[in-house]
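Labels below follow one simple rule: chain letters A, B, ... track the order of the sequence lines, proteins then strands, and each chain is numbered from 1. Hydrogens, waters and symmetry mates play no part in the numbers below; they use all other heavy atoms, side chains included.
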2 protein chains.
Amino acid sequence: MTASTPGHRSEPTHRLEPGHARRPTIHDVARDAGISKTSVSRYFGHERALLSESMVQRIEAAIERLGFAPDRLASGLRGRRTGLIGMVVADIRNPYTVDMLHGAELACREHGYSLLVCNTDNSDQLERRHLEVLHGYSIEGLVVNTRGRNVASLAARREAGLPMVLVDRHIDGLDCDMVGLDNEQAVTLGVSHLRDQGYQRLLMVTEPTDGISSRKARVEVFRHQAHAAGLSAEVQQSPQERIDPDWLAATLMQWLRAGGRPGAIVCANGVITLAVCHALWALLKTPFEQVGVLGIDELSWCALVGPGITTVAQPVDDIGYGAITTLLNRIRGAPGKAEITTYTARLHARGSTTLKTT
Amino acid sequence: MTASTPGHRSEPTHRLEPGHARRPTIHDVARDAGISKTSVSRYFGHERALLSESMVQRIEAAIERLGFAPDRLASGLRGRRTGLIGMVVADIRNPYTVDMLHGAELACREHGYSLLVCNTDNSDQLERRHLEVLHGYSIEGLVVNTRGRNVASLAARREAGLPMVLVDRHIDGLDCDMVGLDNEQAVTLGVSHLRDQGYQRLLMVTEPTDGISSRKARVEVFRHQAHAAGLSAEVQQSPQERIDPDWLAATLMQWLRAGGRPGAIVCANGVITLAVCHALWALLKTPFEQVGVLGIDELSWCALVGPGITTVAQPVDDIGYGAITTLLNRIRGAPGKAEITTYTARLHARGSTTLKTT
DNA sequence: ACCGATATTGGGAACGTTCCCAATACAAGT
DNA sequence: ACTTGTATTGGGAACGTTCCCAATATCGGT
């Protein structure tokens, strides 16, 4: 049996575990520098201006000596700032999401924030679960890119004062900033390119628009612009969020058979572009000689497939970066109504929209 | 003008802001249920077995009434469990990283952990910065997939007792579990496929191997297996981590010109496959009729390019999932030496490795 | 009826910060 | 000299948990 000292302070166990040396605290720094912990706290907070020159130097020396780094959890507990931003995305494997995440991560890094990334795999239930988890970590702000079926949960957090930014899609009933593509401009760019190339029949393929604003906008603008350009236009929505290859094959085949005048397919986003390419590949020997293809969203491999796939590229990286910028402004207390920030798309014209006059 | 201005203020600001109702604490629940906070804490901790049936019911009712959710920061501060896992990746836009992240996120979700994702964009300095940040959040474990140039920083955390798992690549001097591909099996699979198809000259293209174990292993096994199969083998390393298209074009051209016997290019990973395809596309009219191509890493578009690109696919999703599983075991205190877990690859044979007898 | 187990429960003291307020120092104004 | 002000600095009480230890209740066994 150990003969422990009679004092009422027993030694904390974790100090005894190998390699688990207690990390220095603000207190240790203060003692080492011969000052009060408040001053050390001020050094790391936004009140460094209050400190005298000699104080700053002594603090820095002590920090250096002890290898001190502040505990963000403790700091987040007492103060308001956790430095944590939540990001809820519907599909982390979607190229759009990846690029957006890349931009967002960069912006966070530049401003001293860290990203708590949550993937819902398109499940509404998982989205709710993730929102609860993020709430538990007292995130300072939230970036949302999901189907928007949980308006209630989101609105609750929003009204509780949580800064929030939607990416790509607006959600009805959520008074909240949004950052995304100028769908009007993007689709118009695509359709007029197809018209200029001489296509006369257009088909847009998309996932179910449900309530998703960007999808609805693309369909709407597509119909309107095609009509204005005197082109016949058809829209096919997948019955499921996840594209069924059989459905797609049947749909495309039917549209192709009905042909006569030269036609082109407009893919509403990158995921659709991939699915359509796979379908055409299975259906036709030489797809792009019989039908034009234009995709919204640039993908790394678009130049490689057949004669190259024409795309309307959105600056996804910038959108992710912009989402964080917008969010940080709100976190810092920027007042005013919810704002919508849109970015413009650029056309990458390639062989898939060169009309072959057979 | 707004009534709320940041700055000095006698009243705590956040209680006045609209919608900033103080969130309920464990204390509130206890009072509402007429019991002590300790019991409520036990309910959420791993000591629910201690509680009587009636106690559990009263707690649950109170939680329901108040909409209580525990504060993870506070809980992490006093206890050891933060529920946070750090993930440091070299390139978040690499398809490998994305799939790995997907698997890891799933595993975390299933076990009640959350991921703090850090992208270093291949910068050693950023990696160090990120490690410091993660340390500040008292992460319970760390998943690392980087170049491994910061052995010192990593080893320090490791020796301080931080559970850690490396993904894809082992780092010398870091006594730490690793999860990745069975490179021996994967490359052997690829090379024997090429031999069976009748190719006689092989070229492997890779980024600089530096100290990266998986790259070194692939090169080594490639050389060995090609030799064993009686094939001529050459390896070209990009001078930079980021592939320079001009360098690649020149390198490939030189190798192609030196030809005679039918040759095939082995791309050491997905990023290389993309670059090689772009290069061949620019160089040759009908690339795959003149040279075979095989890529390590399956990519969504491999079936679409030319006659389809043959790949050796690694189960990246499983690797990410496995990394978290391994990490959690260590977090729970699994003892023993560092272990290496490898997954086996599968061949996707496509047209790019069908030898054309001209 | 008493003693010692064995279940439950509760009361505080941590955890490492930030924030409020008070205290000190020195210069300037009257 | 006596306020008044303006920089600095420090002390202690939060923040919302978990953990240690003590308290109470229950139950056999003697």
Per the under-4.0 Å heavy-atom filter, residues of residues 44-73 of chain B near DNA chain C come out as L50(B), L51(B), S52(B), M55(B)

Heavy atoms only, 4.0 Å cut-off, all strands: where does R42(A) land among base, sugar-phosphate and nothing? base

Which pair of non-hydrogen atoms, one from I59(B) and one from S39(B), has the smallest distance, and what is that distance? CD1-O, 3.7 Å

Axis-to-axis angle across the helix from dA1(C)-dT30(D) to dT30(C)-dA1(D), five pairs an end, to 10 degrees? 60°

Is any NZ, NE, NH1 or NH2 atom of the basic residue among D32(B) and R58(B) found under 4.0 Å from an Asp or Glu carboxylate oxygen of the other? no

Atom pair distance, as rounded to whole Å: CZ in R81(A) and C1' in dC15(D): 17 Å

Please name the residue in the list T146(B), T120(B), N119(B) that meets the side chain to side chain donor-acceptor pair (under 3.5 Å) test with E127(B). T146(B)

Between P on dC15(C) and CZ on R78(B), what's the gap in Å once rounded to a whole number? 7 Å

Integer-rounded Å distance: dT18(C) C1' and I26(A) CD1: 8 Å

Name the pairs: protein N/O against N/O of nucleotides 23-25 of chain D, kept only if under 3.5 Å.
none

Donor-acceptor list for residues 131-140 of chain A side chains, cut-off 3.5 Å, not counting sequence neighbours:
from, atom 1, to, atom 2, distance (Å)
Y137(A), OH, R72(B), NE, 3.4
Y137(A), OH, R72(B), NH2, 3.1
Y137(A), OH, T82(B), O, 2.7
Y137(A), OH, G83(B), O, 3.1
E140(A), OE1, Y113(A), OH, 3.0
E140(A), OE2, T82(A), N, 2.9
E140(A), OE2, G83(A), N, 2.5

Any Lys/Arg nitrogen of D124(A) or R147(A) sitting under 4.0 Å from an Asp/Glu carboxylate oxygen of the other? no

Is the backbone of D91(B) close enough, under 3.5 Å, to the side chain of T97(B) for a donor and an acceptor to pair up by distance? yes

Quick one: Y43(A) OH to dT18(C) C1', roughly how many Å, whole number? 18 Å

Taking C-beta and beyond as the side chain, do R109(B) and L126(A) meet within less than 4.5 Å on heavy atoms? yes

Please determine whether side-chain contact (heavy atoms from CB on, under 4.5 Å) holds for the pair Y321(B) and E110(B), giving the CA-CA distance in whole Å, both sets of side-chain angles, and the decisive distance to 0.1 Å. CA-CA 10 Å; Y321(B) 192 96; E110(B) 287 179 356; 2.4 Å; yes

By a strict heavy-atom criterion of less than 4.0 Å, which residues belonging to residues 32-40 of chain A are in contact with DNA chain C? K37(A), T38(A)

Is the shortest side-chain N to carboxylate O distance from R93(A) to D317(B) below 4.0 Å? yes

Mind checking if T25(B) touches a base, just sugar-phosphate, or nothing, with heavy atoms under 4.0 Å? sugar-phosphate

Value in whole Å for how far the C1' atom of dG16(D) lies from OH of Y137(A): 15 Å

Roughly how many Å is it from CG in L77(B) to C1' in dA14(C), rounded to a whole number? 9 Å

Look at S75(A) and dG16(C) and indicate whether a side-chain polar atom (N or O) is within less than 4.0 Å of OP1 or OP2. no

Tell me every residue that passes side-chain contact (heavy atoms from CB on, under 4.5 Å) with M164(B), counting only those two or more places apart in sequence or in another chain. L142(B), V144(B), L154(B), R157(B), R158(B), L162(B), L174(B), C176(B)

Minimal non-hydrogen separation, S36(B) against A30(B), with atom names: C-CB, 3.6 Å

Show, in sequence, the C-alpha distance, side-chain angles and deciding distance for F68(A) and Y43(A), and conclude whether the ring pair (Phe, Tyr, Trp, His ring centres under 6.0 Å) test is met. CA-CA 12 Å; F68(A) 170 79; Y43(A) 177 82; 9.4 Å; no

With the threshold set at 4.0 Å, does a side-chain nitrogen-carboxylate oxygen contact exist between D28(B) and R22(B)? yes

Distance check needed: dT18(D) C1' versus R80(B) CZ, whole Å only. 12 Å

Hey, could you give me the CE/CG distance between M87(B) and L115(A), rounded to the nearest 0.5 Å? 13.5 Å

